[in-house]
Amino acid sequence: MEKNLGEAKAASSPRPNEDECWAAFWDSVATMWLSLPLEIQQEYAAKYPRVQPDAPATS
């Protein structure tokens, strides 16, 4: 009986769409990033500076 109840619940809840999946993914990435020690975050930020998407590329 428990198995049937679980199957009924799964069937009644809709599957997430692609946007919801990506939102959940990036939320988990942000959570993992913020759980890193501050020293690692700072080291990464210094090594890989943020690039502005609107800035023209210079060569």
Side-chain angles (χ1 to χ4, degrees):
M1 171 135 179
E2 291 177 19
K3 183 178 179 185
N4 292 339
L5 181 60
E7 289 174 358
K9 184 178 179 182
S12 67
S13 60
R15 293 183 65 179
N17 63 30
E18 185 176 359
D19 289 337
E20 292 169 331
C21 290
W22 279 113
F25 169 77
W26 288 116
D27 185 55
S28 65
V29 168
T31 301
M32 288 186 286
W33 172 259
L34 293 173
S35 69
L36 290 172
L38 187 56
E39 299 82 29
I40 293 176
Q41 293 180 30
Q42 291 171 337
E43 181 181 330
Y44 184 90
K47 189 173 181 180
Y48 303 102
R50 180 177 262 185
V51 176
Q52 298 299 327
D54 296 334
T58 58
S59 1

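These numbers come from a predicted model, not from an experiment.
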Are Leu34 and Trp26 connected in the hydrophobic side-chain network, where two residues link if heavy atoms are under 4.5 Å apart?
->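 No; tracing contacts between hydrophobic side chains, which count when under 4.5 Å, never links both residues.
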
Determine whether Val29 and Tyr44 fall in the same hydrophobic cluster, where Ile, Leu, Val, Met, Phe, Trp and Tyr are linked whenever their side-chain heavy atoms lie under 4.5 Å apart.
-> no

Would you call the rings of Trp22 and Phe25 parallel, tilted or perpendicular, where under 30° means parallel and over 60° means perpendicular?
->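 Answer is perpendicular, since the angle exceeds 60°.
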
For Pro16 and Glu20, work out which heavy atoms get closest and say how close.
->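 Scanning both residues, the minimum pair turns out to be CA-OE1, 3.1 Å.
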
Nearest heavy-atom contact between Asp19 and Asn17 is N-OD1, 3.1 Å

By side-chain contact (heavy atoms from CB on, under 4.5 Å), Gln42 pairs with (sequence neighbours left out) Leu38

More than 12 heavy atoms from other groups under 6.0 Å of CD on Gln41 | yes

